[in-house]
Each structure stands twice: as C-alpha cells, then as structure tokens.
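Atoms within each ligand, like the ligands themselves, are counted from 1 in listed order.
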Amino acid sequence: MGRTTRRGRCERVRIDTQTRTLGVIGWPVEHSLSPAMHNAALREMGLNWAYLAFAVEPERVAEAVAAVRGLGLVGLNVTIPHKQAVAGLMDELDDAASALGAVNTIVRSEDRLIGFNTDGPGFLRSLQERGHTVEGRRVAIIGAGGAARSVAYATARAGAASIDLLNRTAEKAEAVARLAQEKGTARRVNTSGLEGERAREAVSSADVVVDCTSVGMYPNVNEGPVVPGQWLRPGQVVVDLTYNPRETTLLRAALEQGAEVVDGTGMLVHQGAISLLHWSGREAPVEVMREALLAALAR
Ligand code: ATR
C-alpha cells in the first residue's frame, strides 16, 4: 500500500484506530487492479480508509457479506464469480443491479446493505469523457456475457436509436436482447452471430461498436480481431472492454481503418470512481485513479 512519489519516496498509508476498511471480494482476486486505483484515490481525497483485496471462496460469499455488517466495513466491490450471488444477499438493489441480477458494489448504510451495479454507468462515462454518447446512436455490442449485459442495459436505458447484439452463441445474444428490449427505449434491437452479411451490416452501420468478449485478452493477445477489421470505418467509435493489453487486435484494426478507439481502462476507472462516489458521497479523482491503474498495469 505504498506510493512512490516523484522524489522516489514511498508514502505509507497511515493505519490507526480510526481507519475504516473497504475492499473487493473475488475468487481469484490477487490480480485485481482495484486496490491500487482506490487507495490512490483515498489518499488524494484525504480519507483515512484502507481498500483491501479479499479472496473469498464461492461457498463463503454469504459469510463475507455478513462481515460487511459485522465488521462495519464501508462497503465492498464484488468481482467474478460473486456478482450474481451477492445480488441475492442485499436489502436493496439499484435499478441496474436489479435488472442484471448482478452487483459490483455493496454500500453499507447503518445495518442495510445496498447493491449497485456501476459497470454500465462506468461504460457510459468512458464514452462521455471522450465526447461521445450512445443517445440516438446505432450501437453494435459484441458478446453476451456479464460485461455485455451491463453495457446493453446501460445503452438501452440511455436511449440508443438501435442496438445490435452479436455473439458466437446465438441463444445468449437473444437473452441479452430481451433485457435491452424490456428495459430500454431503443427503437430496434436485433441479434446475429459473428459471421455473415447481417453481422457485417450491423458492425459497418454502427456509430459505436463495443467488444465485450474476451477475444484478444492476455495471454491470448494475438487472437482476433473478433470481427474482420474491414467492417470498421472512419467516423466510428470502437470500444474494447479488455484493458490488458490496452491495444487489442480489434483496436489495432480499428485504428488501421481510421476509426476512433477507446480501450478498457476507461470503463474500469469510471466504474471504480462511481463506486467511490456511492461510498463517500464525493466525486472521485478520476485522473489520479487512472494514473494508478496504468502504473499497476505496467508492473
Ligand atoms: P464476462 O462476464 O467478462 O462478460 P463471459 O461471461 O465469460 O465474460 O463472456 C465472454 C464472452 O466472450 C461471451 O460472449 C463469449 O461468447 P459465447 O457466448 O459464444 O461463449 C465470448 N467469447 C469468448 N471467447 C470467444 C471466441 N474465441 N470467439 C468469439 N467469442 C468469444
């Protein structure tokens, strides 16, 4: 929990009897970048809080959640594989967590535990900070796992003109489409596989293309791109939620085609900043969090 300053000194977090605790639960969790990102933010905000990583076996999730009350933690972030189980253990859920059946942020308010899902809002903010929105736009979302569900829900709620959901396994895309249709206002929600004319048309005509698959993620950095690079074009924004590596095969292809690219560090920083807003009631220092995240990624 040290930070090396520009002078090369290591500033320790002071831990004392006033220190309040929060953290992330996952299994495994040792590669989480959240402690680096959040502790940098907490220091900057002058909060005597310490953010830790807790490796919690799936059978012990309920005990870990009970400890939020028992130990009086500020709250927790929740990562794979616990997001769904935690949703069933909350006193209250925000709209996104309720619709998705998945929680990534627990806030303790006295004895009540409130579950939020900040992944989708984090995605929207990562576009906003680059001057983009999904409102009124044609959006193609590739993938149908948990990340794709969060992005599809947020995109549908934010008023995209149309949403195309592309996935290798068609039935999973159908399930995400139902969620987007029921909860959103998009005039058109379609599904397709990753190949063929329908997929090509969906990707080529989109204003925003979001890859929510694990294709090209470390260690398979040469895998992909998930769709042919020739389908991309100038004027599009291409987002890849993968942050390791930051430049995936898809983003490299998008740059070659003259599209604008947004890598996965944007969503990661903003979902964390929104969690911290829920815990502290204050806007988090996004640039400090980003710097800490990029430094941790470079290690
Ligand atoms: P997460 O929760 O992070 O979204 P996930 O639920 O494991 O992760 O989802 C991974 C997504 O990447 C899925 O959409 C998966 O496609 P399938 O639904 O067909 O399994 C997609 N994916 C993973 N490897 C892929 C590959 N080699 N080609 C195409 N899609 C792939």
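Of the options G193, P81, A102, G146, the smallest heavy-atom separation from atom 1 (P) of ligand 1 is shown by G146. Comparing K83, R168, R149, K172 against atom 31 (C) of ligand 1, the shortest heavy-atom distance belongs to R168.
Within the structure, the closest approach of E223 to ligand 1 falls below 4.0 Å when heavy atoms are considered.
Using a cutoff of 4.0 Å between basic side-chain nitrogens and carboxylate oxygens, E201 and R198 are not scored as salt-bridged. Using a cutoff of 4.0 Å between basic side-chain nitrogens and carboxylate oxygens, R246 and D240 are not scored as salt-bridged.
Taken to the nearest 0.5 Å, the CG atom of L165 stands 9.5 Å off from the CG atom of L179. A distance of 9.0 Å separates CG of L113 from CG of L89, quoted to the nearest 0.5 Å. Note that CD of Q236 is 7.0 Å distant from OG of S204, once rounded to the nearest 0.5 Å.
Polar contact with ligand 1: absent for V215 (N/O pair, distance under 3.5 Å). Inclusion of L194 in the set of residues having an N or O under 3.5 Å from an N or O of ligand 1 is not warranted.
Residue, atom and distance of the protein heavy atom nearest to atom 17 (P) of ligand 1 are T169 OG1, 3.4 Å. The nearest protein atom to atom 23 (C) of ligand 1, hydrogens excluded, is given as S214 OG, 3.3 Å; this is a heavy-atom distance. Closest protein heavy atom to atom 13 (C) of ligand 1: N167 OD1, 3.9 Å. For atom 11 (C) of ligand 1, the closest non-hydrogen atom of the protein is T213 CA, 4.0 Å. Ranking the protein heavy atoms by distance from atom 6 (O) of ligand 1 puts G145 CA, 3.2 Å first. Regarding atom 4 (O) of ligand 1, its nearest protein heavy-atom neighbour is A147 N, 3.0 Å.
For atom 8 (O) of ligand 1, no protein non-hydrogen atom is found at a distance below 4.0 Å.
If you check the side chains of N77 and Y51, you find a donor sitting under 3.5 Å from an acceptor. Donor-acceptor pairing under 3.5 Å is recorded for the side chains of D16 and T19. Between the side chains of E129 and H270, at least one donor-acceptor pair of N or O atoms lies under 3.5 Å.
Close approach of ligand 1 to G143 (heavy-atom distance below 4.0 Å) involves ligand atoms 14 (O). Listed by atom number, the atoms of ligand 1 under 4.0 Å from A144 heavy atoms are 14 (O).
For the pairing with N117, the side-chain contact (heavy atoms from CB on, under 4.5 Å) check across T105, V103, N104 returns one residue only, N104.
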